[in-house]
Amino acid sequence: MPRHAAAAARAEIIELLRSHSIESHRLAEAFAERHGMHHTDLRALVAVLHAEQRGEPLTPGALGAAVGLSSGATTALIDRLERTGHLRRVRDDPDRRRIRLHYDPAGLALAHDFFGPLGERSRQVMDGFTPEELATVARFLRAINDTLARHREHLGELEH
């Protein structure tokens, strides 16, 4: 690929990633607004859901670190999400003192109703790509996500 074509392809990819980020943010805001949530509430729910999917439910402290809140603000956030039926606290079996956070089934149903059609549309899009193309896209997105995380961590190091 000629140098100018590679540069144009990289520029298009950067623009597409920017557009994806904006659209994702707008969709998240629409969900949060529809359900009377703050943006931080939604970030917290996503963190709890992802942790559960990994089989590692978050503690309140880990949630606070994930969304950048103080202990008191995290407690208020958890209280609010528990009151609205999105989140529940569960005492850890081996250590009854430790609390683990779980997405409440009712809250999960709301999220599924809102985001489920997007999942189906996304599957339809992916069906138009070969397994090899999807593997390349996955490798690219993993590398981009790792780069974003490393850059964020670097910026955090600069602040301290």
Side-chain angles (χ1 to χ4, degrees), residues 13-126 134-135 137-160:
I13 288 170
I14 294 298
E15 182 55 35
L16 290 168
L17 287 170
R18 185 179 301 121
S19 177
H20 176 269
S21 178
I22 290 167
E23 287 300 324
S24 294
H25 186 75
R26 291 174 68 190
L27 187 62
E29 285 177 342
F31 178 81
E33 184 177 314
R34 180 175 287 186
H35 298 290
M37 299 174 156
H38 299 93
H39 186 70
T40 304
D41 297 351
L42 184 58
R43 285 182 43 221
L45 289 174
V46 168
V48 168
L49 181 61
H50 287 175
E52 279 193 289
Q53 288 173 338
R54 290 189 311 270
E56 305 167 356
L58 293 177
T59 62
L63 177 61
V67 296
L69 294 177
S70 69
S71 176
T74 300
T75 298
L77 169 74
I78 293 168
D79 289 345
R80 185 170 58 247
L81 291 174
E82 196 172 42
R83 252 191 332 271
T84 58
H86 292 283
L87 194 67
R88 58 189 168 86
R89 293 175 172 104
V90 176
R91 292 209 179 273
D92 199 15
D93 283 336
D95 180 357
R96 298 280 303 153
R97 295 170 296 166
R98 188 171 30 191
I99 301 292
R100 298 289 182 168
L101 302 171
H102 296 274
Y103 216 119
D104 191 85
L108 197 54
L110 286 175
H112 184 267
D113 288 347
F114 187 88
F115 291 106
L118 173 61
E120 180 54 36
R121 288 182 179 115
S122 296
R123 278 187 289 284
Q124 290 172 1
V125 168
M126 287 186 271
L134 291 173
V137 171
R139 183 170 59 88
F140 172 78
L141 290 174
R142 266 192 308 278
I144 288 293
N145 287 341
D146 289 346
T147 299
L148 287 169
R150 283 195 312 273
H151 184 66
R152 179 181 42 78
E153 289 165 2
H154 173 74
L155 292 174
E157 291 169 5
L158 294 178
E159 292 174 2
H160 298 291

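- Within the 4.5 Å cutoff, the side chain of Phe31 has heavy atoms near those of the Met37 side chain.
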Going through the distances and angles, do Leu108 and Leu49 end up as a side chain to side chain contact (heavy atoms under 4.5 Å, CB included)?
CA-CA 9 Å; Leu108 197 54; Leu49 181 61; 3.9 Å; yes

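- Of the possible polar contacts, one joining the Asp41 side chain to the His38 backbone as a donor-acceptor pair under 3.5 Å is found.
- A salt bridge between Glu82 and Arg89 is present, with a side-chain N of the basic residue lying under 4.0 Å from a carboxylate O of the acidic one.
- The CG atom of Leu141 sits 11.0 Å away from the OG1 atom of Thr147 when rounded to the nearest 0.5 Å.
- Here the CZ atom belonging to Arg83 is positioned 7.5 Å from the CZ atom belonging to Arg80, to the nearest 0.5 angstrom.
- Contact record, Leu81 with Ala44: CD1-CB, 4.1 Å, taken as the closest heavy-atom pair.
- Taking Ile22 as the reference, Arg18, Arg26 meet the side-chain contact (heavy atoms from CB on, under 4.5 Å) condition, with sequence neighbours excluded.
- Looking at Arg98 and Arg91, their side chains never come closer than 4.5 Å, going by heavy atoms from C-beta outward.
- Rounded to the nearest 0.5 angstrom, Thr74 OG1 and Leu69 CG are separated by 4.5 Å.
- Separating the CG atom in Leu58 from the NE2 atom in His50 is a distance of 11.0 Å, to the nearest 0.5 Å.
- Contact check for Leu110 versus His86: side-chain heavy atoms found under the 4.5 Å cut-off.
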Please report the C-alpha distance between Leu77 and Leu87 in whole Å, then the side-chain angles of each, then the deciding distance to 0.1 Å, and finally whether the side chain to side chain contact (heavy atoms under 4.5 Å, CB included) criterion is met.
CA-CA 10 Å; Leu77 169 74; Leu87 194 67; over 6 Å; no

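- In this structure, Pro60 and Ile78 approach most closely via the heavy-atom pair CB-CD1, 3.6 Å.
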Could you go step by step and tell me if Glu120 and Arg123 meet the salt bridge (Lys or Arg N to Asp or Glu O under 4.0 Å) rule?
CA-CA 5 Å; Glu120 180 54 36; Arg123 278 187 289 284; 3.3 Å; yes

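- Residue pairs meeting the salt bridge (Lys or Arg N to Asp or Glu O under 4.0 Å) criterion with at least one partner in residues 54-74, sequence neighbours excluded, are Arg54-Glu56.
- Annotation: the span from Ile144 atom CD1 to Arg139 atom CZ amounts to 11.5 Å, rounded to 0.5 Å.
- Gln53 pairs by the side-chain hydrogen bond (donor to acceptor under 3.5 Å, both in side chains) definition with nothing, not counting sequence neighbours.
- Ser21 places no side-chain N or O within 3.5 Å of a backbone atom of Leu17 that could act as its donor or acceptor partner.
- Ring planes of His35 and Phe114: perpendicular class, angle over 60° (limits at 30 and 60°).
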Quick one: do Glu29 and His39 satisfy side chain to side chain donor-acceptor pair (under 3.5 Å)? Show the steps, please.
CA-CA 7 Å; Glu29 285 177 342; His39 186 70; 5.4 Å; no

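- The shortest distance between side-chain heavy atoms of Thr59 and Ile99 does not fall below 4.5 Å.
- Residues satisfying the salt bridge (charged side-chain N to carboxylate O under 4.0 Å, His left out) test with Asp104, not counting sequence neighbours, are none.
- What you find for Pro57 and His102 is that their closest heavy atoms are CG-CE1, 3.5 Å.
- Across all their heavy atoms, Val48 and Tyr103 have their closest contact at CG1-N, 3.7 Å.
- For the side-chain contact (heavy atoms from CB on, under 4.5 Å) test, no residue two or more places apart in sequence or in another chain qualifies with Ala76.
- Residues passing the side-chain hydrogen bond (donor to acceptor under 3.5 Å, both in side chains) test with Glu33, sequence neighbours excluded: none.
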